[in-house]
Q: 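One structure, pasted below without further comment.
Along the sequence shown, the residues carry numbers beginning at 1.
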Amino acid sequence: MNSGTGPGTITPDGSPVEFYTLLPPGEEARVIAAATPPNGTVLELGSGVGRVTHPLLEAGFEVVAVDESAEMLAHVRGARTVCARAQELDLGERFDSVVLASYLVNLPDAALRHELLASCARHVAEGGSVLIQWQPPEAHDQWAAGRGSERDGVGITMTELEEISPGTFAATMRYTAGERVWTQSFQSRRLTVDDLAADLARAGLALDGFLTEDRTWARAVPA
């Protein structure tokens, strides 16, 4: 089960809202922007506090930010926000890019993975793309307790890792910022490329390659 500890609000999936407001932007927005038509529409599933949303808005994209946490969405500025579970979403709209980030596709629950990808499929426009951030098997195999990094005073360390069943791992992360400390525990499924392709096919999507050299971003298109 996912859980979290530390100051401030902890969302149902264990994410500490205050920590994510401190986390500096990464490369996600650049990857999404490069795969989306200029000034195109983006549906961001699991947007959190807008760490990816805001750079996309600044780049001229129209973004709908979806998250199940109202506390997360309260930090999003300039985008249309929808408080909903991504797997249940049905806006009746289609987008140039549908983004499923935060490694949600690695959830161990196969039924939930399929529901998430089905939501992506019903919201992507003809000729559009579903952009998926995932842990490819080679990245998953490099996980180890004790590994971490620090950037701009924000630290992230994996403190616990256990294979609780074949291909399914339970991990705990420790986040720090000054004197503040949070933990987030979650489970992750090791998926192969064939596994990912099969899950996509079940949702009516086809794997259309990878957007980054490390293969952590995949593109899918309507089959």
Side-chain angles (χ1 to χ4, degrees), residues 2 4-36 40-86 89 95-107 116 119-120 123 129-135 139 148-158 171 173-178 180-186 188 211-212 214 216-219:
N2 292 0
T5 66
T9 300
I10 305 295
T11 67
D13 71 351
S15 299
V17 175
E18 185 178 338
F19 169 75
Y20 281 102
T21 65
L22 302 173
L23 195 62
E27 292 296 307
E28 295 95 338
R30 180 191 61 78
V31 173
I32 295 164
T36 305
T41 56
V42 178
L43 177 65
E44 186 186 0
L45 302 178
S47 65
V49 298
R51 193 173 64 92
V52 176
T53 316
H54 297 142
L56 288 174
L57 291 169
E58 292 169 4
F61 297 98
E62 180 183 340
V63 184
V64 175
V66 179
D67 203 281
E68 68 175 346
S69 167
E71 292 85 359
M72 287 282 197
L73 289 176
H75 295 275
V76 176
R77 299 287 181 266
R80 175 181 157 200
T81 60
V82 179
C83 189
R85 300 175 73 195
L89 190 71
F95 297 81
D96 295 317
S97 290
V98 177
V99 178
L100 186 65
S102 301
Y103 312 105
L104 289 173
V105 80
N106 287 94
L107 290 170
L116 287 167
S119 182
C120 293
H123 289 99
S129 301
V130 176
L131 310 178
I132 301 166
Q133 186 182 34
W134 75 308
Q135 287 285 352
S149 63
E150 183 173 340
R151 178 184 171 195
D152 297 341
V154 176
I156 301 176
T157 303
M158 180 176 286
M173 308 299 295
R174 183 176 187 267
Y175 307 136
T176 59
R180 289 169 289 180
V181 178
W182 301 265
T183 68
Q184 184 173 5
S185 298
F186 60 93
S188 180
L211 303 176
T212 55
D214 63 6
T216 56
W217 279 92
R219 185 209 305 269

Q: If I compare all heavy atoms of Trp134 with all of Ala218, which pair ends up nearest, and what's the gap?
A: NE1-CB, 4.3 Å
Q: State which residues pass salt bridge (Lys or Arg N to Asp or Glu O under 4.0 Å) with Arg77; sequence neighbours excluded, sorted by chain then number.
A: none
Q: Go through it in stages, so that I can follow the logic: the residues are Val64 and Val82, the test is side chain to side chain contact (heavy atoms under 4.5 Å, CB included), and I'd like the CA-CA distance, side-chain angles, deciding distance and then a yes or no.
A: CA-CA 7 Å; Val64 175; Val82 179; 4.0 Å; yes
Q: Between atom OG1 of Thr176 and atom CG of Leu22, what is the distance when rounded to the nearest 0.5 Å?
A: 10.5 Å
Q: How would you list, by chain and number, every residue that makes a salt bridge (Lys or Arg N to Asp or Glu O under 4.0 Å) with Arg219, sequence neighbours excluded?
A: Asp208
Q: For Ala33 versus Leu56, what's the shortest heavy-atom pair and its separation?
A: N-CD2, 4.2 Å
Q: So, the side chain of Thr11 versus the backbone of Ser15: is there a donor-acceptor pair under 3.5 Å, distance only?
A: yes
Q: Taking only residues two or more places apart in sequence or in another chain, which ones pass side-chain hydrogen bond (donor to acceptor under 3.5 Å, both in side chains) with Thr5?
A: Thr183
Q: Can you give each donor-acceptor pair under 3.5 Å made by side-chain atoms of residues 41-48, sequence neighbours left out, with the distance rounded to 0.1 Å?
A:
residue : atom : partner : partner atom : Å
Thr41   : OG1  : Asp96   : N            : 2.9
Thr41   : OG1  : Asp96   : OD2          : 3.3
Glu44   : OE1  : Thr53   : OG1          : 2.5

Q: According to the salt bridge (charged side-chain N to carboxylate O under 4.0 Å, His left out) rule, which pairs have a member within residues 13-24, sequence neighbours left out?
A: Glu18-Arg180
Q: Considering non-hydrogen atoms only, spot the tightest contact between Arg151 and Pro25 and give its length.
A: NH1-O, 2.9 Å
Q: Show me the pairs that pass side-chain hydrogen bond (donor to acceptor under 3.5 Å, both in side chains) and involve residues 55-70, at least two apart or across chains.
A: Ser69-Glu71
Q: Can you give me the closest heavy-atom contact between Leu100 and Cys120, atom names plus distance?
A: CB-SG, 4.0 Å
Q: Could I get the full list of side-chain hydrogen bond (donor to acceptor under 3.5 Å, both in side chains) partners for Thr9, not counting sequence neighbours?
A: none
Q: Test side chain to side chain contact (heavy atoms under 4.5 Å, CB included) on Leu116 and Leu107; report intermediate values, then the result.
A: CA-CA 10 Å; Leu116 287 167; Leu107 290 170; 3.8 Å; yes
Q: So, using side-chain contact (heavy atoms from CB on, under 4.5 Å) as the criterion, who are the partners of Ala34 when residues are at least two apart?
A: none
Q: Mind checking the OG1-CE spacing from Thr157 to Met173? Nearest 0.5 Å is all I need.
A: 7.0 Å
Q: Report the distance from atom CD1 of Ile32 to atom CH2 of Trp217, rounding to the nearest 0.5 Å.
A: 4.0 Å
Q: What's the spacing between Gln184 CD and Ile156 CD1 if we round to 0.5 Å?
A: 10.0 Å
Q: Could you go through Val105 and Gln135, starting from their C-alpha distance and side-chain angles, then the distance that decides it, and tell me whether this counts as side chain to side chain contact (heavy atoms under 4.5 Å, CB included)?
A: CA-CA 9 Å; Val105 80; Gln135 287 285 352; over 6 Å; no
Q: Please list, chain by chain and in numerical order, all residues satisfying ring-ring contact (aromatic ring centres under 6.0 Å, His included) with Tyr175, sequence neighbours excluded.
A: Phe19
Q: Minimum heavy-atom separation for Ser129 and Ala35, please, with both atom names.
A: OG-O, 4.5 Å
Q: Is there a side-chain contact between Leu23 and Tyr20, using heavy atoms and a 4.5 Å cut-off?
A: yes
Q: When rounded to the nearest 0.5 angstrom, what is the spacing between SG in Cys83 and CG in Leu73?
A: 5.5 Å
Q: How would you list, by chain and number, every residue that makes a side-chain hydrogen bond (donor to acceptor under 3.5 Å, both in side chains) with Asp214, sequence neighbours excluded?
A: Thr212, Thr216
Q: So which atom in Val66 and which in Ala84 form the shortest heavy-atom distance, rounded to 0.1 Å?
A: CG1-O, 3.8 Å
Q: Tell me the salt bridge (charged side-chain N to carboxylate O under 4.0 Å, His left out) pairs involving residues 22-33, sequence neighbours left out?
A: Glu27-Arg30, Glu28-Arg51
Q: Of all residues at least two apart in sequence or in a different chain, which pass the side-chain hydrogen bond (donor to acceptor under 3.5 Å, both in side chains) check with Ser188?
A: His140
